[in-house]
There are 2 protein chains.
Amino acid sequence: MDEIDVQILKLLERTGRLSHEEIGKLVHISRPAVHQRVAKLEKNGVIKGYRAIIDWRMLEQKIQVFIFVKVKCQSFQQITAKILNITLENGAILECQRLAGEWCMVLKVRVSSPDDITRFLDELVTFSEVYETSTTFILSTLHENGFSEL
Amino acid sequence: MDEIDVQILKLLERTGRLSHEEIGKLVHISRPAVHQRVAKLEKNGVIKGYRAIIDWRMLEQKIQVFIFVKVKCQSFQQITAKILNITLENGAILECQRLAGEWCMVLKVRVSSPDDITRFLDELVTFSEVYETSTTFILSTLHENGFSEL
DNA sequence: GCTGAAAGCGAAGCGTG
DNA sequence: CACGCTTCGCTTTCAGC
């Protein structure tokens with residue numbers, strides 16, 4: 001794991017479909033060497049995968065919210081699994097982070113209407129482990145996934 | 001923009017490097033048709049780009065925090081631009097969301113040591129528009145970018 | 001369908017620790 | 001010797017028209 005590996009990671013993070021040949025030119029090593037390094041980085045999990053970045057706001061799903069949650073439970077894993085299994089008709093749970101501080105965790109959720117959030121919260125509070133939630137609407141995304149809206 | 005487009009988006013969101021041929025098989029249309037639809041989705045910005053998902057925690061940068069910020073200013077854009085221009089030596093600003101509610105915005109930041117956060121906050125509060133911040137550490141990421149750690 | 005580009009694979013040679 | 005990089009060629013697959 002040297003400086004060249006880090007350069008490759010930064011390039012692929014920005015342009016996930018960059019060809020090995022292009023990468024080779026940019027970091028000044030040969031194409032097979034790039035292949036070898038990328039394969040290694042994928043194998044050991046530094047590169048977790050490749051994604052297309054979709055702007056769901058251009059479709060029906062224009063609302064994003066943070067839902068802060070307090071839980072009291074034996075197994076954090078178990079309640080998290082239950083929460084992540086909640087199905088959103090027109091939306092998705094984008095993120096679930098365990099937090100230090102006042103709140104135990106935060107969810108980032110994308111939906112198409114406030115009603116979807118209501119339904120989600122109703123389902124969330126059926127879990128006895130969940131004893132408090134707080135929902136904060138995202139007004140606009142100024143920077144995300146390496147894209148700035150400025 | 002029909003159901004097939006949505007299927008294609010979901011496939012590419014999960015597997016950013018899926019070939020047109022594979023997509024065609026999965027959604028039951030021909031390869032040129034896939035080409036046409038993907039090109040259209042890229043052109044009109046529904047597909048914003050392609051990214052490799054990098055696990056920076058496997059390198060030096062193991063800490064992620066949310067920094068909530070209150071600002072009072074004429075131009076939100078301007079102060080946001082200034083904040084996003086803050087350089088982090090061993091880290092990055094991953095996200096900047098404008099919020100409804102008590103806090104004006106939240107930043108998600110990745111760094112390698114608490115000192116980096118200190119430096120970042122020190123720089124943040126030099127801006128006269130910023131009048132309050134609150135930093136919350138992320139203990140663990142349970143779900144992000146379509147990856148679950150359960 | 002055709003063409004060109006790229007990935008994936010292996011072989012052989014080179015320099016360094 | 002082991003390791004990583006390089007150059008080369010080959011085949012398969014894919015993108016773009």
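Every chain is numbered from 1, with letters handed out A, B, ... down the list of sequences. Bear in mind the structure is a predicted one, so any value in this text is a computation, not a measurement. Below, all heavy atoms of this structure are taken into account, side chains as well, without hydrogens, waters or symmetry copies.
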Below 4.5 Å, heavy atoms only, C-beta onward: do [X] and [Y] meet side chain to side chain?
{"X": "B:T80", "Y": "B:C96", "answer": "yes"}
{"X": "B:R51", "Y": "B:N145", "answer": "no"}
{"X": "A:I93", "Y": "A:F120", "answer": "yes"}

Inset, instruction - Compute whether any side-chain donor of one residue and acceptor of the other, for B:E144 and A:Q97, lie under 3.5 angstrom apart. - result: yes
Provide, to the nearest angstrom, the distance between the [atom1] atom belonging to [X] and the [atom2] atom belonging to [N].
{"X": "A:K25", "N": "D:dT6", "atom1": "NZ", "atom2": "P", "answer": "15 Å"}
{"X": "A:R37", "N": "D:dT6", "atom1": "CZ", "atom2": "C1'", "answer": "13 Å"}
{"X": "A:I29", "N": "D:dT7", "atom1": "CD1", "atom2": "C1'", "answer": "14 Å"}

Inset, instruction - Sorted by first residue and then second, give each side-chain hydrogen bond (donor to acceptor under 3.5 Å, both in side chains) pair with at least one member in residues 7-32 of chain B; sequence neighbours left out. - result: A:W56-B:E13
Inset, instruction - Grab the two heavy atoms, one from A:M1 and one from A:L41, that are nearest each other, plus how far apart they are. - result: CE-CD2, 3.5 Å
Inset, instruction - Considering just the side-chain nitrogens and oxygens of A:Q36, establish if one lies under 4.0 Å of OP1 or OP2 belonging to D:dG4. - result: no
Inset, instruction - Give the B/S/- string for nucleotides 6-17 of chain C, one per nucleotide from 5' to 3', where a protein heavy atom under 4.0 Å of the base yields B, of only the sugar-phosphate yields S, and otherwise -. - result: SBB---------
